[in-house]
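Order of the sequence lines sets the chain letters (A, B, ...), proteins ahead of strands, with each chain counted from 1.
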Protein chains: 2
Amino acid sequence: MAEGGGSDSLLFLTDEQLKKGIEAMFFAYRGFTADPDRILENYAYGRAHHRAIHFINRSPETTVNNLLSILGVTKQSLNRVLRRLIDDGLVESRVGKRDKRERHLVLTPKGAALEAELSEAQRIRMRAAFRTVGPDAVAGFRQVLEAMMDTDMRHHFSLLKDSE
Amino acid sequence: MAEGGGSDSLLFLTDEQLKKGIEAMFFAYRGFTADPDRILENYAYGRAHHRAIHFINRSPETTVNNLLSILGVTKQSLNRVLRRLIDDGLVESRVGKRDKRERHLVLTPKGAALEAELSEAQRIRMRAAFRTVGPDAVAGFRQVLEAMMDTDMRHHFSLLKDSE
DNA sequence: GATTTTATGTCAGCCTTGTTGACTTTCCAA
DNA sequence: TTGGAAAGTCAACAAGGCTGACATAAAATC
(Lines give C-alpha, C1' and ligand atoms only; values in the text may rest on other atoms or scores of the structure.)
Protein backbone atom coordinates (compact mmCIF):
# COMPACT_ATOMS: atom_id res chain seq x y z
CA MET A 1 0.00 0.00 0.00
CA ALA A 2 2.75 2.41 0.86
CA GLU A 3 4.90 1.51 -2.12
CA GLY A 4 5.67 3.55 -5.28
CA GLY A 5 5.22 7.28 -5.00
CA GLY A 6 4.33 6.89 -1.36
CA SER A 7 1.61 9.44 -0.72
CA ASP A 8 -1.67 9.25 -2.60
CA SER A 9 -1.40 12.90 -3.49
CA LEU A 10 1.60 12.18 -5.74
CA LEU A 11 0.05 9.35 -7.74
CA PHE A 12 -0.72 11.85 -10.49
CA LEU A 13 3.02 12.13 -11.11
CA THR A 14 3.72 8.48 -11.91
CA ASP A 15 5.06 7.78 -15.38
CA GLU A 16 1.86 5.94 -16.21
CA GLN A 17 -0.23 8.95 -15.23
CA LEU A 18 2.01 11.24 -17.24
CA LYS A 19 1.71 8.91 -20.21
CA LYS A 20 -2.05 9.06 -19.93
CA GLY A 21 -1.82 12.82 -19.91
CA ILE A 22 0.27 12.68 -23.07
CA GLU A 23 -2.20 10.43 -24.86
CA ALA A 24 -5.12 12.53 -23.64
CA MET A 25 -3.51 15.56 -25.28
CA PHE A 26 -3.05 13.67 -28.52
CA PHE A 27 -6.59 12.34 -28.80
CA ALA A 28 -8.23 15.48 -27.47
CA TYR A 29 -6.39 17.72 -29.90
CA ARG A 30 -7.65 15.57 -32.73
CA GLY A 31 -11.20 16.03 -31.53
CA PHE A 32 -10.57 19.69 -30.98
CA THR A 33 -9.62 20.27 -34.63
CA ALA A 34 -12.00 17.79 -36.22
CA ASP A 35 -15.04 20.05 -36.55
CA PRO A 36 -13.25 23.09 -38.03
CA ASP A 37 -11.35 20.78 -40.37
CA ARG A 38 -14.62 19.50 -41.80
CA ILE A 39 -15.88 23.03 -42.37
CA LEU A 40 -12.62 24.20 -43.91
CA GLU A 41 -12.84 21.43 -46.50
CA ASN A 42 -15.93 23.07 -47.97
CA TYR A 43 -13.92 26.20 -48.65
CA ALA A 44 -10.72 24.41 -49.63
CA TYR A 45 -8.87 26.07 -46.78
CA GLY A 46 -6.58 24.38 -44.29
CA ARG A 47 -5.72 24.75 -40.64
CA ALA A 48 -3.21 27.45 -41.44
CA HIS A 49 -6.03 29.62 -42.77
CA HIS A 50 -8.08 28.91 -39.68
CA ARG A 51 -5.26 29.97 -37.39
CA ALA A 52 -4.71 33.21 -39.29
CA ILE A 53 -8.41 34.01 -39.26
CA HIS A 54 -8.68 33.21 -35.58
CA PHE A 55 -5.88 35.48 -34.46
CA ILE A 56 -6.82 38.33 -36.76
CA ASN A 57 -10.28 38.17 -35.26
CA ARG A 58 -8.87 38.09 -31.76
CA SER A 59 -6.68 41.14 -32.36
CA PRO A 60 -8.04 43.28 -35.18
CA GLU A 61 -5.49 45.63 -36.75
CA THR A 62 -2.68 43.33 -35.69
CA THR A 63 0.47 43.56 -37.80
CA VAL A 64 1.96 40.82 -39.90
CA ASN A 65 4.98 40.70 -37.61
CA ASN A 66 2.85 40.23 -34.54
CA LEU A 67 0.93 37.45 -36.22
CA LEU A 68 4.21 35.80 -37.17
CA SER A 69 5.38 35.73 -33.58
CA ILE A 70 2.09 34.25 -32.42
CA LEU A 71 1.88 31.60 -35.10
CA GLY A 72 5.56 30.74 -35.07
CA VAL A 73 5.97 30.23 -38.81
CA THR A 74 8.05 31.99 -41.44
CA LYS A 75 6.77 35.07 -43.20
CA GLN A 76 6.84 33.20 -46.50
CA SER A 77 4.58 30.55 -45.09
CA LEU A 78 2.20 33.04 -43.54
CA ASN A 79 2.28 35.23 -46.63
CA ARG A 80 1.02 32.43 -48.84
CA VAL A 81 -1.93 31.88 -46.52
CA LEU A 82 -2.60 35.58 -46.03
CA ARG A 83 -2.31 36.25 -49.76
CA ARG A 84 -5.18 33.88 -50.47
CA LEU A 85 -7.35 35.20 -47.66
CA ILE A 86 -6.84 38.74 -48.96
CA ASP A 87 -7.45 37.75 -52.58
CA ASP A 88 -10.59 35.88 -51.57
CA GLY A 89 -11.84 38.94 -49.70
CA LEU A 90 -11.78 37.50 -46.18
CA VAL A 91 -9.01 39.68 -44.85
CA GLU A 92 -8.22 43.32 -45.46
CA SER A 93 -4.65 44.56 -45.27
CA ARG A 94 -4.47 48.19 -44.24
CA VAL A 95 -1.32 50.24 -44.61
CA GLY A 96 -0.29 51.58 -41.21
CA LYS A 97 -1.03 55.23 -40.49
CA ARG A 98 1.95 55.96 -38.28
CA ASP A 99 4.29 53.49 -39.93
CA LYS A 100 3.35 52.92 -43.53
CA ARG A 101 5.56 49.84 -43.80
CA GLU A 102 3.30 47.95 -41.47
CA ARG A 103 0.20 46.18 -42.65
CA HIS A 104 -2.71 46.01 -40.24
CA LEU A 105 -4.95 43.03 -40.73
CA VAL A 106 -8.71 42.96 -40.21
CA LEU A 107 -11.44 40.53 -41.16
CA THR A 108 -13.96 41.62 -43.77
CA PRO A 109 -17.61 40.74 -43.12
CA LYS A 110 -17.03 37.64 -45.25
CA GLY A 111 -13.99 36.72 -43.17
CA ALA A 112 -15.87 37.36 -39.96
CA ALA A 113 -18.64 35.07 -41.18
CA LEU A 114 -16.23 32.19 -41.70
CA GLU A 115 -14.58 32.91 -38.38
CA ALA A 116 -17.95 32.72 -36.69
CA GLU A 117 -18.78 29.45 -38.38
CA LEU A 118 -15.47 27.89 -37.40
CA SER A 119 -15.35 29.11 -33.85
CA GLU A 120 -18.97 28.24 -33.24
CA ALA A 121 -18.27 24.63 -34.22
CA GLN A 122 -15.28 24.56 -31.92
CA ARG A 123 -17.18 26.21 -29.08
CA ILE A 124 -20.02 23.72 -29.34
CA ARG A 125 -17.64 20.85 -28.65
CA MET A 126 -15.87 22.71 -25.90
CA ARG A 127 -19.12 23.82 -24.32
CA ALA A 128 -20.33 20.22 -24.27
CA ALA A 129 -17.10 19.07 -22.66
CA PHE A 130 -17.16 21.88 -20.12
CA ARG A 131 -20.78 21.24 -19.25
CA THR A 132 -20.08 17.53 -18.79
CA VAL A 133 -17.27 17.98 -16.31
CA GLY A 134 -18.23 21.12 -14.41
CA PRO A 135 -16.45 24.33 -13.42
CA ASP A 136 -13.80 22.89 -11.11
CA ALA A 137 -12.53 20.50 -13.77
CA VAL A 138 -12.52 23.36 -16.28
CA ALA A 139 -10.39 25.45 -13.94
CA GLY A 140 -7.94 22.58 -13.61
CA PHE A 141 -7.88 22.08 -17.36
CA ARG A 142 -6.95 25.70 -17.92
CA GLN A 143 -4.30 25.64 -15.23
CA VAL A 144 -2.56 22.59 -16.66
CA LEU A 145 -2.65 23.91 -20.21
CA GLU A 146 -1.22 27.24 -19.16
CA ALA A 147 1.55 25.52 -17.21
CA MET A 148 2.37 23.43 -20.27
CA MET A 149 2.88 26.37 -22.63
CA ASP A 150 6.24 27.84 -23.52
CA THR A 151 6.70 30.98 -21.48
CA ASP A 152 6.69 33.34 -24.47
CA MET A 153 3.42 31.81 -25.67
CA ARG A 154 1.94 32.16 -22.18
CA HIS A 155 2.45 35.88 -22.67
CA HIS A 156 0.36 35.90 -25.86
CA PHE A 157 -2.24 33.79 -24.12
CA SER A 158 -2.80 36.17 -21.23
CA LEU A 159 -3.53 39.06 -23.56
CA LEU A 160 -7.07 37.96 -24.24
CA LYS A 161 -9.83 40.41 -23.39
CA ASP A 162 -11.42 38.56 -20.50
CA SER A 163 -8.16 37.80 -18.76
CA GLU A 164 -8.56 37.12 -15.08
CA MET B 1 -24.29 41.49 -10.65
CA ALA B 2 -26.99 39.08 -11.67
CA GLU B 3 -26.59 39.75 -15.37
CA GLY B 4 -25.13 37.51 -18.12
CA GLY B 5 -25.07 33.80 -17.44
CA GLY B 6 -26.75 34.43 -14.12
CA SER B 7 -25.18 31.99 -11.70
CA ASP B 8 -21.46 32.14 -11.01
CA SER B 9 -21.19 28.42 -11.59
CA LEU B 10 -21.97 28.90 -15.29
CA LEU B 11 -19.44 31.62 -15.99
CA PHE B 12 -17.12 28.95 -17.37
CA LEU B 13 -19.54 28.53 -20.26
CA THR B 14 -19.43 32.09 -21.59
CA ASP B 15 -18.18 32.48 -25.13
CA GLU B 16 -15.15 34.32 -23.82
CA GLN B 17 -14.30 31.48 -21.48
CA LEU B 18 -14.76 28.97 -24.28
CA LYS B 19 -12.52 31.05 -26.51
CA LYS B 20 -9.86 31.06 -23.83
CA GLY B 21 -10.16 27.29 -23.67
CA ILE B 22 -9.68 27.13 -27.43
CA GLU B 23 -6.58 29.30 -27.33
CA ALA B 24 -5.23 27.41 -24.35
CA MET B 25 -5.46 24.21 -26.39
CA PHE B 26 -3.63 25.82 -29.29
CA PHE B 27 -0.75 27.23 -27.29
CA ALA B 28 -0.45 24.25 -24.97
CA TYR B 29 -0.33 21.77 -27.82
CA ARG B 30 2.54 23.72 -29.30
CA GLY B 31 4.42 23.47 -26.04
CA PHE B 32 3.48 19.83 -25.76
CA THR B 33 5.12 18.96 -29.09
CA ALA B 34 8.04 21.39 -28.93
CA ASP B 35 10.49 19.19 -27.01
CA PRO B 36 10.01 16.00 -29.06
CA ASP B 37 10.15 18.08 -32.24
CA ARG B 38 13.59 19.34 -31.30
CA ILE B 39 14.83 15.81 -30.63
CA LEU B 40 13.32 14.43 -33.83
CA GLU B 41 15.23 16.99 -35.85
CA ASN B 42 18.51 15.35 -34.84
CA TYR B 43 17.35 12.11 -36.41
CA ALA B 44 15.59 13.71 -39.38
CA TYR B 45 12.30 12.23 -38.28
CA GLY B 46 8.98 14.03 -38.00
CA ARG B 47 5.93 13.93 -35.79
CA ALA B 48 4.49 11.11 -37.83
CA HIS B 49 7.42 8.90 -36.83
CA HIS B 50 6.98 9.92 -33.21
CA ARG B 51 3.32 8.96 -33.23
CA ALA B 52 4.05 5.57 -34.77
CA ILE B 53 6.84 4.86 -32.29
CA HIS B 54 4.66 5.97 -29.39
CA PHE B 55 1.75 3.70 -30.20
CA ILE B 56 3.91 0.73 -31.09
CA ASN B 57 5.56 1.11 -27.72
CA ARG B 58 2.22 1.42 -26.00
CA SER B 59 0.86 -1.74 -27.64
CA PRO B 60 3.68 -4.04 -28.72
CA GLU B 61 2.73 -6.60 -31.36
CA THR B 62 -0.03 -4.32 -32.60
CA THR B 63 -1.06 -4.82 -36.21
CA VAL B 64 -0.78 -2.30 -39.00
CA ASN B 65 -4.56 -2.11 -39.25
CA ASN B 66 -4.92 -1.33 -35.57
CA LEU B 67 -2.31 1.37 -35.81
CA LEU B 68 -4.13 2.84 -38.80
CA SER B 69 -7.36 3.15 -36.85
CA ILE B 70 -5.59 4.82 -33.94
CA LEU B 71 -3.63 7.27 -36.03
CA GLY B 72 -6.43 8.02 -38.44
CA VAL B 73 -4.29 8.24 -41.57
CA THR B 74 -4.21 6.25 -44.79
CA LYS B 75 -2.18 3.10 -45.09
CA GLN B 76 -0.03 4.74 -47.76
CA SER B 77 0.83 7.53 -45.40
CA LEU B 78 1.56 5.21 -42.50
CA ASN B 79 3.47 2.82 -44.73
CA ARG B 80 5.91 5.51 -45.77
CA VAL B 81 6.67 6.28 -42.16
CA LEU B 82 6.78 2.63 -41.08
CA ARG B 83 8.94 1.68 -44.03
CA ARG B 84 11.65 4.04 -42.89
CA LEU B 85 11.45 3.02 -39.25
CA ILE B 86 11.81 -0.62 -40.28
CA ASP B 87 14.65 0.09 -42.72
CA ASP B 88 16.42 2.13 -40.06
CA GLY B 89 16.09 -0.72 -37.60
CA LEU B 90 13.81 0.97 -35.08
CA VAL B 91 10.77 -1.20 -35.69
CA GLU B 92 10.48 -4.90 -36.38
CA SER B 93 7.61 -6.25 -38.46
CA ARG B 94 6.71 -9.82 -37.53
CA VAL B 95 4.49 -12.04 -39.65
CA GLY B 96 1.48 -13.12 -37.60
CA LYS B 97 1.48 -16.67 -36.24
CA ARG B 98 -2.24 -17.34 -36.35
CA ASP B 99 -2.98 -15.09 -39.32
CA LYS B 100 0.02 -14.80 -41.59
CA ARG B 101 -1.43 -11.83 -43.44
CA GLU B 102 -1.00 -9.67 -40.40
CA ARG B 103 2.21 -7.88 -39.50
CA HIS B 104 2.86 -7.37 -35.81
CA LEU B 105 4.95 -4.34 -34.95
CA VAL B 106 7.47 -4.11 -32.12
CA LEU B 107 10.21 -1.66 -31.25
CA THR B 108 13.78 -2.87 -31.49
CA PRO B 109 16.18 -1.83 -28.70
CA LYS B 110 17.19 1.07 -30.94
CA GLY B 111 13.54 2.04 -31.41
CA ALA B 112 12.87 1.71 -27.70
CA ALA B 113 15.81 4.00 -27.00
CA LEU B 114 14.41 6.75 -29.19
CA GLU B 115 10.98 6.23 -27.70
CA ALA B 116 12.45 6.65 -24.24
CA GLU B 117 14.27 9.81 -25.23
CA LEU B 118 11.15 11.34 -26.76
CA SER B 119 8.70 10.38 -24.06
CA GLU B 120 11.08 11.40 -21.31
CA ALA B 121 11.28 14.90 -22.79
CA GLN B 122 7.53 15.06 -22.99
CA ARG B 123 7.07 13.70 -19.49
CA ILE B 124 9.46 16.24 -18.03
CA ARG B 125 7.29 19.08 -19.29
CA MET B 126 4.10 17.39 -18.22
CA ARG B 127 5.50 16.49 -14.83
CA ALA B 128 6.49 20.12 -14.28
CA ALA B 129 3.02 21.29 -15.28
CA PHE B 130 1.32 18.69 -13.09
CA ARG B 131 3.52 19.51 -10.14
CA THR B 132 2.80 23.20 -10.52
CA VAL B 133 -0.95 22.87 -10.46
CA GLY B 134 -1.56 19.92 -8.15
CA PRO B 135 -3.66 16.75 -8.33
CA ASP B 136 -7.12 18.30 -8.44
CA ALA B 137 -6.27 20.44 -11.44
CA VAL B 138 -4.74 17.39 -13.13
CA ALA B 139 -7.93 15.44 -12.59
CA GLY B 140 -9.92 18.27 -14.16
CA PHE B 141 -7.51 18.46 -17.05
CA ARG B 142 -7.94 14.77 -17.81
CA GLN B 143 -11.72 14.97 -17.52
CA VAL B 144 -12.02 17.85 -19.96
CA LEU B 145 -9.67 16.26 -22.49
CA GLU B 146 -11.52 12.98 -22.35
CA ALA B 147 -14.83 14.76 -22.82
CA MET B 148 -13.42 16.58 -25.84
CA MET B 149 -12.34 13.44 -27.72
CA ASP B 150 -14.34 11.81 -30.46
CA THR B 151 -16.10 8.82 -28.96
CA ASP B 152 -14.22 6.24 -31.03
CA MET B 153 -10.93 7.76 -29.92
CA ARG B 154 -12.08 7.71 -26.31
CA HIS B 155 -12.25 3.96 -26.71
CA HIS B 156 -8.59 3.76 -27.75
CA PHE B 157 -7.69 6.08 -24.91
CA SER B 158 -9.20 3.95 -22.16
CA LEU B 159 -7.20 0.91 -23.23
CA LEU B 160 -4.04 2.09 -21.51
CA LYS B 161 -2.60 -0.24 -18.89
CA ASP B 162 -3.21 1.85 -15.79
CA SER B 163 -6.77 2.71 -16.72
CA GLU B 164 -8.88 3.65 -13.76
C1' DG C 1 -11.68 -26.44 -55.12
C1' DA C 2 -12.88 -21.96 -56.74
C1' DT C 3 -14.00 -17.48 -55.41
C1' DT C 4 -14.17 -13.60 -52.50
C1' DT C 5 -12.56 -10.91 -48.82
C1' DT C 6 -9.00 -9.16 -45.87
C1' DA C 7 -4.35 -7.40 -44.66
C1' DT C 8 -0.65 -5.48 -46.36
C1' DG C 9 2.60 -3.28 -49.53
C1' DT C 10 3.76 -0.27 -53.23
C1' DC C 11 3.78 3.02 -57.28
C1' DA C 12 2.42 7.45 -58.98
C1' DG C 13 0.77 11.85 -58.46
C1' DC C 14 -1.43 15.65 -56.02
C1' DC C 15 -2.07 19.23 -52.11
C1' DT C 16 -1.03 21.92 -47.95
C1' DT C 17 2.08 23.87 -45.19
C1' DG C 18 6.27 24.11 -43.38
C1' DT C 19 11.37 25.34 -44.61
C1' DT C 20 15.72 28.28 -46.72
C1' DG C 21 17.71 31.69 -49.64
C1' DA C 22 17.72 35.66 -52.48
C1' DC C 23 16.03 39.86 -53.89
C1' DT C 24 13.04 44.18 -54.10
C1' DT C 25 10.40 48.00 -52.44
C1' DT C 26 9.07 51.07 -49.07
C1' DC C 27 10.01 54.15 -45.66
C1' DC C 28 11.29 55.34 -40.65
C1' DA C 29 14.90 57.22 -38.06
C1' DA C 30 19.49 58.45 -36.89
C1' DT D 1 21.15 60.68 -46.87
C1' DT D 2 21.84 56.39 -45.70
C1' DG D 3 21.20 52.14 -42.82
C1' DG D 4 18.13 48.95 -41.50
C1' DA D 5 13.45 47.35 -40.45
C1' DA D 6 8.97 45.80 -42.41
C1' DA D 7 6.89 43.69 -45.89
C1' DG D 8 6.24 41.23 -50.24
C1' DT D 9 7.59 37.92 -53.64
C1' DC D 10 9.97 34.21 -56.38
C1' DA D 11 11.98 29.71 -56.43
C1' DA D 12 12.94 25.36 -54.74
C1' DC D 13 12.50 21.80 -51.53
C1' DA D 14 10.60 18.39 -47.85
C1' DA D 15 7.27 16.20 -44.79
C1' DG D 16 3.28 14.15 -44.56
C1' DG D 17 -1.41 14.23 -45.59
C1' DC D 18 -4.54 12.50 -49.64
C1' DT D 19 -6.56 9.46 -53.86
C1' DG D 20 -6.39 5.78 -57.15
C1' DA D 21 -4.65 1.65 -58.98
C1' DC D 22 -2.60 -2.59 -58.64
C1' DA D 23 -0.02 -6.87 -56.48
C1' DT D 24 0.33 -10.53 -53.27
C1' DA D 25 -0.70 -13.73 -49.81
C1' DA D 26 -3.67 -15.90 -46.86
C1' DA D 27 -7.95 -16.57 -44.73
C1' DA D 28 -12.78 -17.30 -45.20
C1' DT D 29 -16.65 -18.58 -47.61
C1' DC D 30 -19.46 -20.75 -51.01
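- Every residue two or more places apart in sequence or in another chain that forms a side chain to side chain contact (heavy atoms under 4.5 Å, CB included) with K100(B) is listed here: V95(B).
- Against DNA chain D, the stretch residues 61-69 of chain A makes heavy-atom approaches under 4.0 Å through T63(A), V64(A), N65(A).
- Across all strands shown, R83(B) has heavy atoms under 4.0 Å from sugar-phosphate atoms exclusively, and none from any base.
- Taken to the nearest 0.5 Å, the CG atom of L13(A) stands 11.5 Å off from the CE atom of M126(B).
- Taking every heavy atom of both residues into account, R154(B) and A147(B) meet most closely at NH2-O, 3.5 Å.
- Near DNA chain C, meaning a heavy atom under 4.0 Å away, there are no residues from residues 45-52 of chain B.
- Between the CZ atom of R84(B) and the C1' atom of dT10(C) there is a distance of 18 Å, given to the nearest Å.
- Between atom CD of residue E102(A) and atom CZ of residue R94(A) there is a gap of 14.5 Å, rounded to the nearest 0.5 Å.
- Aromatic ring pairs are classed by plane angle as parallel below 30°, tilted from 30° to 60° and perpendicular above 60°; the pair H54(B) and H50(B) is perpendicular.
- Taking Q76(A) as the reference, T74(A) meet the side chain to side chain contact (heavy atoms under 4.5 Å, CB included) condition, with sequence neighbours excluded.
- Counting only residues at least two apart or in different chains, ring pair (Phe, Tyr, Trp, His ring centres under 6.0 Å) contacts with residues 78-131 of chain B comprise F130(B)-F141(B).
- With respect to the salt-bridge test (charged N to carboxylate O, under 4.0 angstrom), the residues R38(B) and E41(B) do not qualify.
- Contact between A121(A) and I39(A) at its shortest, heavy atoms only, is CB-CD1, 3.6 Å.
- No salt bridge links E23(B) with K20(B); every basic N to acidic carboxylate O contact stays at or beyond 4.0 Å.
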Find every protein N or O atom lying less than 3.5 Å from an N or O atom of nucleotides 20-25 of chain C, and list the pairs.
| unit_1 | atom_1 | unit_2 | atom_2 | d |
| --- | --- | --- | --- | --- |
| dG21(C) | O6 | Q76(A) | NE2 | 3.0 |

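- Remark: the Y45(A) side chain and the D88(A) side chain contain an N/O donor-acceptor pair separated by less than 3.5 Å.
- Summary of the strand contacts: R103(A) and R80(A) both lie near DNA chain D, and taking for each the nucleotide with the nearest heavy atom, the more 5' one is attributed to R103(A).
- Qualifying side chain to side chain contact (heavy atoms under 4.5 Å, CB included) partners for I86(A), counting only residues two or more places apart in sequence or in other chains: R83(A), V91(A), S93(A).
- Remark: E115(A) pairs with I53(A), N57(A), L107(A), S119(A) by the side chain to side chain contact (heavy atoms under 4.5 Å, CB included) rule, at least two apart or across chains.
- Reading DNA chain D from its 5' end, the first and the last nucleotide to sit under 4.0 Å from a heavy atom of chain A are dG4(D) to dC10(D).
- Residue pairs meeting the side-chain hydrogen bond (donor to acceptor under 3.5 Å, both in side chains) criterion with at least one partner in residues 124-136 of chain B, sequence neighbours excluded, are D15(A)-R127(B), D150(A)-R125(B), D35(B)-R125(B).
- As rounded to whole Å, 14 Å separates atom C1' of dG18(C) from atom CG of N79(A).
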Cut-off 3.5 Å, no hydrogens considered: what does the side-chain donor-acceptor table look like for residues 24-33 of chain A, sequence neighbours left out?
| unit_1 | atom_1 | unit_2 | atom_2 | d |
| --- | --- | --- | --- | --- |
| R30(A) | NH1 | I70(B) | O | 3.4 |
| R30(A) | NH1 | L71(B) | O | 2.9 |
| R30(A) | NH2 | I70(B) | O | 3.4 |
| T33(A) | OG1 | Y29(A) | O | 3.1 |
| T33(A) | OG1 | R30(A) | O | 3.3 |
| T33(A) | OG1 | R47(A) | NH2 | 3.1 |

Dump every N/O contact between nucleotides 28-30 of chain C and the protein below 3.5 Å, one line per pair.
| unit_1 | atom_1 | unit_2 | atom_2 | d |
| --- | --- | --- | --- | --- |
| dC28(C) | OP1 | K100(A) | N | 3.4 |

